[in-house]
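Reading through the structure tokens given below for one structure.
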There are 2 protein chains.
Amino acid sequence: MKLHVSPDIFPPRGHEAKRLSIVDSAATVFCREGFAGANIDLIAAEAGVSRQTVYNHHGDKEKLFVAVVRDLTERCNAGIFATIATFPDQPRDLEADLIGFAVRLNQNCICNRDGKFLRKLIQTEGERYPELFAEWREQGPGRTWPAIAARFARLAYGGYLTIEDPDVAARQFLGLVNAELQTTFMLGGSPREDEVLQSATNGVRTFLRAFGKRRSAASSEKQSALASA
Amino acid sequence: MKLHVSPDIFPPRGHEAKRLSIVDSAATVFCREGFAGANIDLIAAEAGVSRQTVYNHHGDKEKLFVAVVRDLTERCNAGIFATIATFPDQPRDLEADLIGFAVRLNQNCICNRDGKFLRKLIQTEGERYPELFAEWREQGPGRTWPAIAARFARLAYGGYLTIEDPDVAARQFLGLVNAELQTTFMLGGSPREDEVLQSATNGVRTFLRAFGKRRSAASSEKQSALASA
DNA sequence: ACAAATTTAGACACTCTTGTCTAAATCGTC
DNA sequence: GACGATTTAGACAAGAGTGTCTAAATTTGT
């Protein structure tokens, strides 16, 4: 009935812009109010479109929710892989470089809008959509954690670290650099920049005390030397 | 109008039992459906009482929710302090004793019903009730974390560990022993017993590599000796 | 400027939920 | 067994939200 010529670009132009705007507002409202509490009228108003337009684009509330989660997962994954690409494979100053990596990971992937929203949606609605969040698990942690582990394995192979199990080390790295942000994460807040840096610094120091190249008895000052470099 | 004799025990007997039953079902349903999605009829049915009884006991949905959170916070705190009391102050086998402590903490406080529910409610509704969850923060992490830190300080003072900042060490200890359970926690699941043990074991090993008594050059075997004791 | 498609506002039916009310049934205790 | 208090089932009004429909207004490509 509609597709008269090319089924390719039947949304002319501002069409896609509206779709994006709707998904964005929906993410905000779903996170703030939860799925049940989210109100389509409110989403439409926040997106600057009419309610009918929301239904035209996404069909119903549940389809809209799924679109939101897929969108967030995709963008977050892209961000994480972009950040993993900055992992210090040949560090000049191991402690400083790892702290930098940890801070970038937090600021660009975990504490930013997308990361915060995705985390909250997983926590609040994860049990209601098992297949959707199984997909997230495979595409997210299932692919990013091994990628980080591989980088640590490379550092170990290069003689920078002493690691038995790179997968365990990678998870512990993440646990350590986020150790001081847990309460903030719980309540859905965003830690300040200096809190992120503090947690990362403390976490990396401990990580290196555990996995750093074992300093010989003669050079136990090496760590503090590194710290001030 | 009602209190004819003693205002003390005016709920005769099964009254309090019903109150408990209601709060319990409410916790379950609030966690599963979120505040907005929770249905008083469903809570009443799950508690085995009529809807009117729910209103008789708790007034309205919001008051019921607050009662649930206070209840959970109280019970969780009690459990955590009871577990902290089992902290190994004079360890015979430091690694094994810390692993045991970590496992107890997880099994009895974090992964059990109350812990799981409280965590989820904080995550999902924390932003909607700032004062309620500020109270939790003060009563919960605000009191338990320093208590754990004090125990680690005591271990350091006793010569078992080398720690600069006990508060940081305590947070990192928790981050490490839970490092492998994050994804499960996210999705609201309960890790299996062997997963808890595995994560605790790996976490404590790394913790001791970082903070264990610095083996002098001559006695670098001390740690593995401790481990097998 | 024209024609097609999209968007809009508003009304609408429908369902669901909250919280109240009442009269009957049940419980616990003396 | 009787009494007072609690609990129950059901009906009820009021409100809110979803999803549909329609006709008018607006945007877009040509």
Side-chain angles (χ1 to χ4, degrees), chain A residues 1-26 28-68 125 128-129, chain B residues 1-26 28-68 125 128-129:
Chain A
M1 259 58 164
K2 301 289 178 56
L3 36 146
H4 55 348
V5 181
S6 61
D8 277 325
I9 35 163
F10 69 87
R13 187 51 56 198
H15 193 76
E16 190 63 15
K18 283 204 193 296
R19 206 200 80 92
L20 254 275
S21 163
I22 292 168
V23 173
D24 268 21
S25 324
T28 306
V29 176
F30 278 136
C31 283
R32 200 174 55 222
E33 318 281 350
F35 179 82
N39 178 315
I40 303 272
D41 284 15
L42 190 56
I43 293 173
E46 208 147 313
V49 302
S50 73
R51 177 175 59 247
Q52 186 56 47
T53 301
V54 177
Y55 284 107
N56 287 344
H57 277 268
H58 293 99
D60 68 14
K61 194 177 178 182
E62 190 158 320
K63 291 203 190 72
L64 174 58
F65 178 77
V66 171
V68 166
E125 312 293 342
R128 198 189 314 285
Y129 299 87
Chain B
M1 263 56 164
K2 301 290 179 54
L3 34 148
H4 56 346
V5 180
S6 61
D8 277 324
I9 36 162
F10 70 86
R13 186 51 56 199
H15 193 78
E16 190 62 16
K18 283 204 192 295
R19 207 200 79 92
L20 253 275
S21 163
I22 291 169
V23 173
D24 268 21
S25 325
T28 307
V29 176
F30 279 136
C31 283
R32 199 173 57 221
E33 318 281 351
F35 179 82
N39 180 317
I40 303 271
D41 284 13
L42 189 56
I43 292 173
E46 208 147 313
V49 302
S50 74
R51 176 176 59 247
Q52 187 57 47
T53 302
V54 176
Y55 284 106
N56 286 346
H57 278 268
H58 293 99
D60 66 14
K61 194 178 177 180
E62 191 157 321
K63 289 204 191 73
L64 174 58
F65 178 76
V66 172
V68 166
E125 312 293 343
R128 198 188 312 286
Y129 299 86

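Quick note on labels: first sequence line is chain A, next is B, and so on, each numbered from 1.
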H58(A) side chain reached by I43(A) side chain, heavy atoms, under 4.5 Å: no

Could you check whether any side-chain heavy atom of E125(B) comes within less than 4.5 Å of a side-chain heavy atom of F65(B), counting everything from C-beta outward? yes

Rounded to whole angstroms, how far apart are [atom1] on [X] and [atom2] on [N]?
X	N	atom1	atom2	answer
D41(A)	dA9(C)	CG	P	11 Å
E33(B)	dT17(C)	CD	P	10 Å
E16(A)	dG29(D)	CD	P	14 Å
Y55(A)	dC12(C)	OH	P	18 Å
L42(A)	dT18(D)	CG	C1'	15 Å
E62(B)	dT17(C)	CD	P	19 Å
R51(B)	dC21(C)	CZ	P	14 Å

Measure from the side chain of Q52(B), starting at C-beta and using heavy atoms only, and say which of dG19(C), dA9(D), dT7(D) lies closest. dA9(D)

Choosing from dT7(C), dT8(D), dG19(D), which nucleotide comes nearest the side chain of K18(A)? dT7(C)

So [X], base contact, sugar-phosphate only, or nothing? Heavy-atom distance under 4.0 Å.
X	result
G48(B)	sugar-phosphate
A36(A)	nothing
A44(B)	nothing

From CA spacing to verdict: side-chain contact (heavy atoms from CB on, under 4.5 Å), N56(A), K18(A): CA-CA 11 Å; N56(A) 287 344; K18(A) 283 204 193 296; over 6 Å; no

Hydrogens and angles aside, do T53(B) and S50(B) bring a side-chain donor and acceptor to less than 3.5 Å of each other? yes

Taking only side-chain N and O atoms of [X], does any of them lie within less than 4.0 angstrom of OP1 or OP2 on [N]?
X	N	value
N39(B)	dC16(C)	no
H57(A)	dT7(C)	yes
S50(B)	dT7(D)	no

Does the side-chain contact (heavy atoms from CB on, under 4.5 Å) test come out yes or no for N39(A) and V29(A), once each step is laid out? CA-CA 8 Å; N39(A) 178 315; V29(A) 176; 5.7 Å; no

